[in-house]
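Let me begin by presenting the structure, written as structure tokens, before commenting on it.
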Amino acid sequence: MLLTVNPVQPECDVIRQAAKVIRRGGLVAFPTETVYGLAADALNPEAVSRIFAAKERPFFDPIIVHIARIEDLLLVARDLPPQVDILSRRFWPGPLTLILPRADALSTRVTAGLDTVAVRMPDHPVALALIRAAETPIGAPSANLFSHVSPTTAQHVLDDLGDRVELILDGGPTRIGIESTVLDLSGDRPTILRPGGVSREMLESVLGEVALAGDTNQGGEKTGLASPGLMERHYSPNAELLLFQGPEYKVLAAMKERLDELLSAEKTVGVLASSEDRAVFEGYPVIIEDLGSRKNPSRIATRLYAAMRALDVRGVDVILARGFGNTGLELAIENRLSKAAGSQVIEVH
Ligand code: TXA
Ligand code: MG
């Protein structure tokens with residue numbers, strides 16, 4: 001069932017109904033500021049198992065626990081590292097997930113057997129009201145089928161999960177549009193496992209140097225293992241995505257060349273274009289999804305997944321995209337594009 005909810009001042013009766021489903025061990029899809037989540041009572045292992053079943057998610061991929069009050073951190077985590085205080089004050093509620101030592105009482109079903117737990121406080125009135133009314137921390141991955149693009153509208157959730165979810169709360173499109181930053185505080189130094197809405201620069205302004213998992217440009221050594229859920233080709237549309245990186249003039253030429261080849265091979269082609277690049281592709285028989293200006297990366301992030309899904313709906317075989325860069329929010333956008341591209345990142349020199 002789909003229920004509309006006011007995203008600014010959620011109706012009490014709607015929240016109460018959703019909280020009841022959670023307390024019974026059922027599943028509710030709900031909006032956060034990043035993407036829609038698929039919620040279950042994090043302290044009920046059977047309820048958490050239903051999340052994995054609905055998403056067809058492998059049991060080795062751990063789930064983020066969502067809290068609404070800082071005190072509740074101690075229900076799920078222990079031995080809090082000193083950085084938690086300043087990070088939670090600065091960035092919670094908000095798109096920052098912290099990896100912390102797991103509280104003994106928390107079921108390892110949520111953490112996929114790990115000794116650590118992922119926790120965040122979402123910045124969305126509906127999410128916060130739901131967690132408070134359910135009176136329990138809520139385990140919630142993105143509300144999509146495993147390995148598919150995360151949902152930024154209730155319709156996306158419906159398209160992916162349909163009646164596998166008892167209740168979908170429709171609070172309109174999500175604001176940020178890509179998933180939270182995952183920051184590992186369980187090791188020797190803070191490490192970003194997944195870039196997101198809180199940028200590396202924002203974290204560094206508070207913590208000093210922050211490592212980036214998989215980054216080889218920092219003294220040669222690879223920093224730690226990537227997050228267990230962050231395998232190649234994760235945030236994928238159905239179409240094949242080709243991501244071009246390099247200097248603008250060379251990349252656009254390479255994209256046009258590839259486009260000619262694809263069109264001669266009678267492929268249906270979609271382009272994820274910034275409004276700056278759009279004119280380059282307008283003369284071609286391609287489907288253009290305009291993400292907006294490169295000068296406004298937060299708008300690009302907001303639209304990215306909906307644009308990928310829209311191209312899938314149009315049945316394109318191949319999606320072409322030009323990279324956005326590696327600072328600020330652009331790092332998160334680039335990360336999602338390169339995951340969607342799998343190994344098909346084309347570097348033009
Ligand atoms: O913005 C978000 O974070 C959204 C909304 C719904 O809150 N949630 C989300 O959840 O993106 P999910 O399950 O799609 O992604 C969670 C990521 C996965 O890559 C998972 O591997 C990682 O967090 N993760 C969870 N627990 C972890 C842990 N203990 N150690 C390392 N990584 C962990
Ligand atoms: Mg996900």
Side-chain angles (χ1 to χ4, degrees), residues 2 29 34-38 51-58 60-61 141-165 168 173-174 176-179 194 196 226-227 229-245 255 258-274 277-278 281 284-292 300-324 332-346:
L2 195 138
T34 59
V35 300
Y36 273 74
L38 181 59
I51 295 180
F52 285 93
K55 285 191 53 130
E56 296 171 27
R57 180 179 175 115
F60 58 76
D61 194 358
S142 50
N144 51 284
L145 284 175
F146 179 69
S147 93
H148 205 197
V149 173
S150 288
T152 56
T153 66
Q155 184 62 48
H156 295 160
V157 179
L158 206 55
D159 292 344
D160 265 28
L161 300 177
D163 55 14
R164 296 178 186 195
V165 194
I168 300 174
T174 59
I176 295 179
I178 53 180
E179 307 83 349
R194 176 176 76 181
S227 202
L230 299 184
M231 51 275 285
E232 292 282 293
R233 216 177 136 72
H234 191 79
Y235 305 91
S236 311
N238 298 321
E240 200 180 310
L241 192 144
L242 305 179
L243 174 61
F244 291 76
Q245 294 174 331
M255 288 174 82
R258 180 62 72 94
L259 185 52
D260 285 328
E261 287 166 24
L262 289 167
L263 293 174
S264 323
E266 298 191 351
K267 299 281 186 197
T268 313
V269 181
V271 182
L272 286 173
S274 61
D277 291 355
R278 186 186 178 123
F281 300 101
Y284 292 90
V286 295
I287 301 164
I288 299 173
E289 277 292 323
D290 190 337
L291 297 171
I300 290 174
T302 304
R303 291 179 166 194
L304 183 65
Y305 287 151
M308 284 184 189
R309 281 180 185 256
L311 290 175
D312 269 344
V313 168
R314 300 285 295 273
V316 305
D317 303 306
V318 182
I319 298 173
L320 303 183
R322 174 158 88 85
F324 286 89
I333 295 169
E334 197 75 355
N335 170 268
R336 302 311 189 272
L337 282 171
S338 61
K339 296 285 178 204
S343 53
Q344 312 205 72
V345 178
I346 298 149

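It should be emphasised that the depicted structure is a prediction, and the values quoted were computed from it without experimental measurement.
Residues that satisfy the side-chain hydrogen bond (donor to acceptor under 3.5 Å, both in side chains) test with Arg278, not counting sequence neighbours, are Glu282, Asp290. Residues satisfying the side-chain hydrogen bond (donor to acceptor under 3.5 Å, both in side chains) criterion with Thr174, sequence neighbours excluded, are absent altogether. Under the side-chain hydrogen bond (donor to acceptor under 3.5 Å, both in side chains) criterion, Glu289 pairs with no residue, sequence neighbours left out.
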Review item, side-chain donor-acceptor pairs of residues 313-321, under 3.5 Å, at least two apart:
| residue | atom | partner | partner atom | Å |
| --- | --- | --- | --- | --- |
| Asp317 | OD2 | Thr268 | N | 2.7 |

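Taking each heavy atom of Pro151 and Val157 in turn, the nearest pair found is CB-CG2, 3.7 Å. Taking both residues in full, the closest heavy atoms of Ala341 and Leu243 are given as CB-CB, 4.0 Å, listed atom of the first, atom of the second, then distance. Across Leu311 and Gly270, no two heavy atoms sit closer than the pair CD2-CA, 4.0 Å. Scanning both residues, Val345 and Ser338, for their nearest heavy atoms gives CG2-CB, 4.0 Å. Smallest separation of non-hydrogen atoms from Ile333 and Phe324: CG2-CD1, 3.8 Å. What you find for Asn144 and Val149 is that their closest heavy atoms are CB-O, 3.4 Å.
Of the possible donor and acceptor atoms, none in the side chain of Asn238 sits under 3.5 Å from a partner among the backbone N and O of Asp312.
Side-chain contact check for Glu56 versus Arg164: some heavy-atom pair is nearer than 4.5 Å. In this structure, Val286 and Leu262 have side chains that are not in contact, with every pair of non-hydrogen atoms separated by 4.5 Å or more. Counting heavy atoms from C-beta outward, Tyr305 and His156 have side chains that stay 4.5 Å or more apart.
Annotation for Glu261: atom CD counts as buried by contact number, over 12 foreign heavy atoms lying within 6.0 Å.
Identified under the salt bridge (charged side-chain N to carboxylate O under 4.0 Å, His left out) test for residues 145-160, with sequence neighbours left out: Asp160-Arg309. Counting only residues at least two apart or on different chains, no salt bridge (charged side-chain N to carboxylate O under 4.0 Å, His left out) pair has a member in residues 143-154.
Taking CG of Leu304 as the reference point, atom CD1 of Ile178 lies at 7.0 Å (rounded to 0.5 Å). Between the OG1 atom of Thr152 and the CE atom of Met308 there is a distance of 11.0 Å, given to the nearest 0.5 Å.
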